[in-house]
Amino acid sequence: MSKSVHGGFLESVSRNFDKAAPHSGLHKGLLAQIKACNSVYQMRFPVKIGSEYQVIEAYRVQHSHHRLPTKGGIRYSQKVNQEEVMALASLMTYKCAIVDVPFGGAKGGVAISPRDYTVSQLQKITRRYTTELIRKNFIGPGIDVPAPDYGTGSREMAWILDTYITFKGGEIDAAGCVTGKPVNQNGIQGRTEATGRGVYYGIREACSHKDDMAALGLKPGLEGKTMAIQGLGNVGYHAGVISQEEGGVKIIAVAEYEGAVYNKDGIDIKKLFKHRKKTGSILDFPGAKNMKQRKRVLEVDCDILVPAALEGQITKVNADKVKAKIIAEAANGPVTADAEEILLKKGVMVIPDMYINAGGVTVSYFEWLKNLSHMRFGRMEKRFNANKYRNLVETVERMTGKTIGAKEKDFLTKGADEVDLVRSGLEETMITAYDQIRTNFKRNKGINDLRSAAFVSALKKIGSDYESLGIFP
Ligand code: NAD
């Protein structure tokens, strides 16, 4: 049976859409088409767990077919329900448009808590779910391409690919039916960290504008800024580690399922992660204090708050208690529409989910392209470039009669590996998209928040796709 209905999330997405839509300049009928979820597939299937049969509730929603394939992660969580998956699928459409990924939006969900199952039981459920998708033509490299989300990772994606190939043997592009796969299973270097790395690039961009930072009472740049993170999973962990190591950010509070820890002098995220692995909990981390309630992490006095767990975390109940100056929505929908109104009045900068967590789908797009090309990125040009750079450096050495050190020479003459190209493509994507959003924000007097500006960026691109088809005026 359907679990708790999370009506608030879909309603928030809808309210945010309606707020931004008048600034897009699009026809009312076209806006209605863009907003609607095109296909909702709700399924129930039996899986034998131990000696019992369990009926599993699951979904796949394709929000928009204006570009194909559709794309979006698969969530495993007890709270999965139709409205949640519809909200997440809608966000995927806007997200893809914002970062110029030529896909429609989709999302999947299986209403289970992975903690309650063994690995082989999870494999059974994943394979059965994939079979249902194949049966209804809801998966395929040109149809709909899933990826990891909350509660799933590269392991599940490998099972999905294997199941797909079992049914579709001989399909030349089969590997592109799912992304986020292990690297040795047709995955791509840099996908696991991609969403977190994108969060880092996005925050770095937002913090690079002197006047925007001055309005928040902050200096430009990331160095020394304080951060609190909710959720140390795939997104939260990588966003934390990269912000710390590459941005010089000081992470002062972290919350996980079992509780939260605080240290005003900073918490080493890699060490905290190891501590959790060893002890089963982030609590009692040396040098840090345990916080009384995990939710209090959202109220910590810091520059940047990164909610990286689930939707509906900052609501009208606690929005007033938030002290962060910037909220980077690493999770999808962590700030409700009601809460955002309160936060904006307080002058908080909310960097919206559909931009800040788009690094995952961006690198998934690169992975899909790699699968279709059947070749890793960099294979053709790496040595060619390395040789060219070496010739150039040696020519300069000959002409000047000076030589440079071996280490410096290696750095200057290196050809790009796949991971270098992936990171470069991701960085370029996040910078360009932020620039477009900020331009909408600054140029349009009616828009007073980054989320509406991001929506307008997406709506204009999707609208122009439809307009070029001549369907709408
Ligand atoms: P994950 O399952 O890897 O990690 C989520 C973590 O949050 C888990 O460790 C969980 O224990 C923790 N958590 C759950 N409830 C919590 C709470 N109340 N307080 C503190 N911690 C809590 O999931 P993920 O892939 O990192 O996804 C997190 C969010 O990011 C989701 O909203 C997801 O939709 C979004 N997202 C993920 C990706 C991706 O590539 N994985 C891409 C874009 C957006």
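Scope of the values below: all heavy atoms of this structure, side chains included, with no hydrogens, waters or symmetry mates. Note that ligands are numbered from 1 as they come in the structure, with each ligand's atoms numbered from 1 the same way. For the single chain, residues carry numbers from 1 onward in sequence order.
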Geometric class of the Y237/F273 ring pair [parallel <30°, tilted 30-60°, perpendicular >60°]: tilted
Is it the case that ligand 1 has an N or O less than 3.5 angstrom from some N or O of T195? yes
Strictly under 4.0 Å, does any heavy atom of E258 approach an atom of ligand 1? no
What protein heavy atom sits nearest atom 4 (O) of ligand 1, and how far away is it? G233 CA, 3.1 Å
Does an N or O from N332, backbone or side chain, lie closer than 3.5 Å to an N or O of ligand 1? yes
For ligand 1, is any non-hydrogen atom under 4.0 Å from R191's backbone (N, CA, C, O), its side chain (CB onward), both, or neither? side chain
For G231, counting its heavy atoms only, list the atoms of ligand 1 lying under 4.0 Å from any of them. 7 (O), 20 (C), 21 (N)
Establish, yes or no, whether a centroid distance under 6.0 Å links the rings of Y434 and Y355. yes
Identity and distance of the protein heavy atom lying nearest atom 17 (C) of ligand 1: R294 NE, 4.0 Å
Consider every N or O of D149 and every N or O of ligand 1, then say whether any pair is closer than 3.5 Å. yes
Tell me whether R451 forms a cation-pi arrangement with F441, defined as NZ or CZ under 6.0 Å from the six-membered ring centre and within 45 degrees of its axis. no
Between K346 and D320, is there a donor-acceptor pair closer than 3.5 Å when you use the side chain of the first and the backbone of the second? yes
So if I count the atoms of ligand 1 from 1 in the order they appear, which ones are less than 4.0 Å from some heavy atom of G151? 2 (O)
If I apply the N/O under 3.5 Å rule, does A309 come out as touching ligand 1? yes
By ring-ring contact (aromatic ring centres under 6.0 Å, His included) - contacts of F138 (at least two apart): Y41
Residue pair Y164 / I139: nearest heavy atoms and the distance that separates them: CE1-O, 3.8 Å
Using a strict 4.0 Å cut-off to heavy atoms of R75, name the atoms of ligand 1 that fall inside it. 31 (C), 32 (O), 33 (C), 34 (O)
Please determine if V235 has a nitrogen or oxygen closer than 3.5 Å to a nitrogen or oxygen of ligand 1. yes
Near N357 (heavy-atom distance under 4.0 Å), the atoms of ligand 1 are 43 (C), 44 (C)
When the aromatic ring centroids of H63 and Y94 are compared, is their separation below 6.0 Å? yes
Look at the side chain of E299 and the backbone N and O of R296, then say whether any donor-acceptor pair between them is shorter than 3.5 Å. no
Atoms of ligand 1, numbered as shown, that sit under 4.0 Å from any heavy atom of A255: 20 (C), 21 (N)
Shortest protein contact, atom 5 (C) of ligand 1 (heavy atom only): Y150 CE1, 3.5 Å
Establish, from distance only, whether the side-chain atoms of K71 and T179 form a donor-acceptor pair under 3.5 Å. yes
Ligand 1 to E256 polar contact by distance, N or O atoms, under 3.5 Å: yes
Nearest-neighbour protein heavy atom for atom 3 (O) of ligand 1, which is reported as residue plus atom name and distance: N234 N, 2.9 Å
Does A358 approach ligand 1 within less than 4.0 angstrom via side chain, backbone, both or neither, non-hydrogen atoms only? neither
E367 side chain vs G180 backbone, donor-acceptor pair below 3.5 Å: yes
Side chain to side chain donor-acceptor pair (under 3.5 Å), paired with R423, selected from Q189, E193, E428: E193
With a cut-off of 3.5 Å and sequence neighbours excluded, list every side-chain donor-acceptor pair involving residues 300-308.
residue, atom, partner, partner atom, Å
D303, OD2, T226, N, 2.9
D303, OD2, T226, OG1, 3.4

For ligand 1, the portion of A147 having any non-hydrogen atom under 4.0 Å away: neither
